[in-house]
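I have placed the structure first, in the form of structure tokens, so that the comments after it can refer back to it.
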Amino acid sequence: MYALVDGNNFYVSCERVFRPSLNGLPVCVLSNNDGCAISRSNEAKALGITMGAPWFKIKHLAETDGLVALSANFALYGDLSDRMMSLAAGLGPHQEIYSIDESFIDLSDVAGNLTERSHKIRSRILQWVGIPCGIGIGSTKTLAKLANHVAKSAERKPGSYPEQLAQVCNLAVLTPSELDAVFAATPVNEVWGIGRQISKQLIDGGVKTVLDLVRLDPAMVKRRWSVVLERTVRELQGINCVELEHSPQPKQEIACTRSFGHPVTELADLSEAVTEFASRAAQKLRKQSSLAGQVLCFIRTSPFRREEQYSRSVTIPLRRPSADTAIIVEAALTGLAAIYRRGFKLAKAGVMLLDLQPDTVQQQELALEDDGSHDRSRLMSTLDDLNQRYGRGTILLASAGLAGDRRAWSMKQERRTPGYTTCLDDLAVAHA
DNA sequence: TCTGGGGTCCTAGGACCC
DNA sequence: TCTGGGGTCCTAGGACCC
């Protein structure tokens with residue numbers, strides 16, 4: 001038995017914790033560059049704002065309907081996420097943190113009334129952290145996800161599901177006919193693992209609701225679609241196919257990519273950007289104690305603009321696996337020089353680290369004399385410590401250029417809220 | 001004028017091997 | 001006109017997730 005605890009409209013809810021005046025208003029949080037809406041309050045959803053809607057297309061709603069848009073403040077969301085997760089962990093013995101706002105809890109050996117217990121945890125998260133959650137319970141992870149969808153929909157859209165399923169929905173205690181009714185009321189595209197392409201194919205084939213899907217023969221589903229969809233069908237039928245991850249697995253690839261605030265044409269500016277992306281990626285790499293075998297660098301124009309497109313990537317193998325910022329930046333810049341072409345308005349660039357392996361199994365080269373690698377790794381730890389303590393960008397490679405917003409490629413963030421819980425200068429002040 | 005960032009898994013097809 | 005069978009490894013691309 002699993003529970004899925006999921007923060008409602010998470011980023012917007014985080015902003016509301018520190019600005020309660022936003023309650024009841026249509027609010028959305030924008031992606032980097034204030035590009036598009038990535039979190040929406042219920043009121044914003046009711047205005048018809050879809051996930052990923054470009055800001056310039058919904059901007060007019062600020063004047064006509066009082067829509068409030070905020071730049072993403074990931075430091076704040078990460079911190080509130082940690083607090084929410086530690087309370088959610090109280091639900092059962094094992095927790096898998098699935099994303100910034102979701103965690104699965106293994107309830108297999110938890111005694112007592114799971115629904116009541118979940119309501120208590122939900123209230124505690126709301127009171128202690130300020131984030132409203134939905135909790136779904138089911139015998140597989142896919143069913144728990146579905147239950148979570150029901151819990152949130154029942155609350156947001158009265159009449160969509162029975163009222164008592166709002167906020168906490170435990171599918172395991174429903175009678176077979178109640179369960180069928182829930183399945184029949186849920187469109188197939190709401191199922192975890194069924195996206196746009198597959199749901200279109202299913203609907204074309206007459207499979208419109210979860211009830212239609214759960215009644216299919218898994219073997220047929222595998223033949224006609226894939227093992228992935230077969231697993232989903234089995235999970236909906238109550239057969240566990242996706243285990244809980246008890247400990248977070250190290251990443252198999254690490255990326256740092258950004259869209260630019262303005263189009264970039266010059267190699268010098270691109271080199272600064274790529275230096276920074278590669279440095280940040282290397283830092284993430286060291287944080288999970290890994291080494292990279294290859295470095296990928298890419299640049300591209302904006303696919304949304306009607307002009308000649310240019311998109312190239314190149315993968316540079318390292319002579320031996322490394323987590324050294326200087327080596328990774330050098331590889332990325334070598335790659336950049338190879339794919340750069342003058343005359344294109346570039347909109348985005350990125351660095352990815354591939355072929356990752358634990359730093360404990362590093363294959364040593366036959367060294368006839370001390371190659372200084374020990375000193376290098378101490379230098380990297382010192383670099384990370386200083387940037388951790390005094391803030392990102394305190395120490396960086398000279399090829400990263402000037403820090404701050406003077407760079408040609410810096411992203412736009414015009415509606416950023418304070419780092420309420422992560423920056424001393426931004427602490428809220430209580431007035432007597 | 002203005003459209004995010006960071007991941008995972010699976011499959012098909014090519015290269016290569018005996 | 002005709003051209004085996006079986007296997008592994010790698011990569012690119014598609015689909016999905018939040």
Side-chain angles (χ1 to χ4, degrees), chain A residues 4-11 28-40 49-60 62 69 71-74 77-78 81 96-104 141-142 145 148-149 188-202 222-223 225-232 241-243 245 248-263 277 280-281 284-285 288 293-294 296 298 300-307 311 313-315 317 345 347-356 411-415:
Chain A
L4 180 73
V5 185
D6 183 333
N8 298 350
N9 314 330
F10 187 66
Y11 297 165
C28 64
V29 169
L30 302 176
S31 62
N32 281 341
N33 287 314
D34 296 339
C36 44
I38 52 173
S39 178
R40 306 152 292 147
I49 297 173
T50 54
M51 186 64 174
W55 170 235
F56 73 91
K57 286 188 181 173
I58 56 173
K59 209 172 188 169
H60 63 278
S71 301
N73 184 346
F74 291 111
Y77 312 150
S81 171
E96 173 190 342
I97 294 176
Y98 179 68
S99 74
I100 192 161
D101 69 332
E102 285 174 76
S103 67
F104 288 102
K141 287 167 83 173
T142 304
K145 282 282 271 188
N148 185 273
H149 165 77
V188 79
N189 62 298
E190 298 293 350
V191 174
W192 190 35
I194 298 185
R196 288 240 303 280
Q197 306 297 321
I198 306 295
S199 65
K200 183 174 183 312
Q201 291 168 24
L202 286 168
K222 182 177 180 180
R223 278 198 310 275
W225 280 278
S226 65
V227 288
V228 184
L229 191 60
E230 181 202 10
R231 272 202 296 256
T232 298
C241 305
V242 188
E243 296 298 311
E245 298 273 4
Q249 300 302 304
K251 301 262 181 279
Q252 299 172 38
E253 48 185 73
I254 286 174
C256 184
T257 71
R258 288 286 176 282
S259 296
F260 302 131
H262 304 280
F277 302 160
R280 298 260 284 267
K284 291 187 206 172
L285 185 68
Q288 73 160 29
Q294 306 191 72
L296 180 148
F298 75 85
R300 65 153 219 227
T301 50
S302 169
F304 300 105
R305 294 177 70 101
R306 271 201 300 275
E307 56 192 28
S311 174
S313 73
V314 62
T315 305
K345 290 182 185 167
K348 184 170 180 172
V351 172
M352 294 193 221
L353 306 181
L354 313 172
D355 247 354
L356 306 192
M411 66 183 180
K412 277 184 289 196
Q413 277 204 314
E414 292 165 356
R415 304 150 180 278

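Proteins come first, then strands; the chains are lettered A, B, ... in the order of their sequence lines, and each starts at number 1. Note that the structure is predicted; figures quoted are calculated from it, not measured.
- Minimum heavy-atom separation, A:Arg258 to A:Arg280: NH2-NH2, 3.2 Å.
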Exercise. Which is it for A:Asp101 and A:Tyr77 under the side-chain contact (heavy atoms from CB on, under 4.5 Å) test, yes or no, and what are the steps along the way?
Worked result: CA-CA 9 Å; A:Asp101 69 332; A:Tyr77 312 150; over 6 Å; no

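- Stretches of at least 3 consecutive Watson-Crick or G-U wobble pairs, with each checked distance under 3.5 Å, appear in DNA chain B as B:5-18 with C:5-18.
- Ring planes of A:Phe277 and A:Phe260: parallel class, angle under 30° (limits at 30 and 60°).
- Within the nucleic acid shown, A:Lys59 has no heavy atom closer than 4.0 Å to any nucleic acid atom.
- Between A:Pro54 and A:Cys256, it is A:Pro54 whose nearest contact on DNA chain B lies nearer the 5' terminus.
- Among A:Asn33, A:Asp34, A:Asn32, the one residue that satisfies the side-chain hydrogen bond (donor to acceptor under 3.5 Å, both in side chains) test with A:Ser71 is A:Asp34.
- Chain A approaches DNA chain B over the interval B:dT1 to B:dT11, counting the first and last nucleotide 5' to 3' with an atom under 4.0 Å from its heavy atoms.
- Residue-level contact check: A:Val242 touches neither bases nor backbone, having no heavy atom under 4.0 Å from any strand.
- Contact annotation for A:Asn33: no contact, since no heavy-atom pair falls under 4.0 Å across all strands.
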Exercise. Taking it one step at a time, do A:Tyr11 and A:Ile100 satisfy side-chain contact (heavy atoms from CB on, under 4.5 Å)?
Worked result: CA-CA 10 Å; A:Tyr11 297 165; A:Ile100 192 161; 3.9 Å; yes

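- Using a 4.0 Å heavy-atom criterion, one finds that A:Leu30 contacts no nucleic acid atom at all.
- Nucleotides B:dC17 and C:dG4 have their C1' atoms positioned 14 Å apart, rounded to a whole Å.
- Counting non-hydrogen atoms under 4.0 angstrom, A:Lys200 reaches nothing in the nucleic acid.
- Residues A:Pro250 and A:Met51 each lie close to DNA chain B; by heavy-atom proximity, the contact nearer the 5' end of the strand is made by A:Met51.
- Across all strands shown, A:Arg231 has heavy atoms under 4.0 Å from sugar-phosphate atoms exclusively, and none from any base.
- Residues A:Asn148 and A:Glu102 have side chains not in contact (no heavy-atom distance under 4.5 Å, counting atoms from C-beta outward).
- Closest non-hydrogen pair, A:Thr301 versus A:Lys345, comes out as CG2-O, 3.3 Å.
- Within the 4.0 angstrom heavy-atom criterion, only backbone atoms of the sugar-phosphate kind lie near A:Lys348; the bases stay farther away.
- In this structure, A:Ile100 reaches neither bases nor backbone, as no heavy-atom distance under 4.0 Å exists between it and the strands shown.
- Counting non-hydrogen atoms under 4.0 angstrom, A:Glu102 reaches the backbone sugars and phosphates but no base.
- A search for ring-ring contact (aromatic ring centres under 6.0 Å, His included) contacts involving A:Phe10 returns nothing, not counting sequence neighbours.
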For this session: Take A:Lys284 and A:Leu353 through the side-chain contact (heavy atoms from CB on, under 4.5 Å) test and state the conclusion after the steps.
Result: CA-CA 10 Å; A:Lys284 291 187 206 172; A:Leu353 306 181; over 6 Å; no

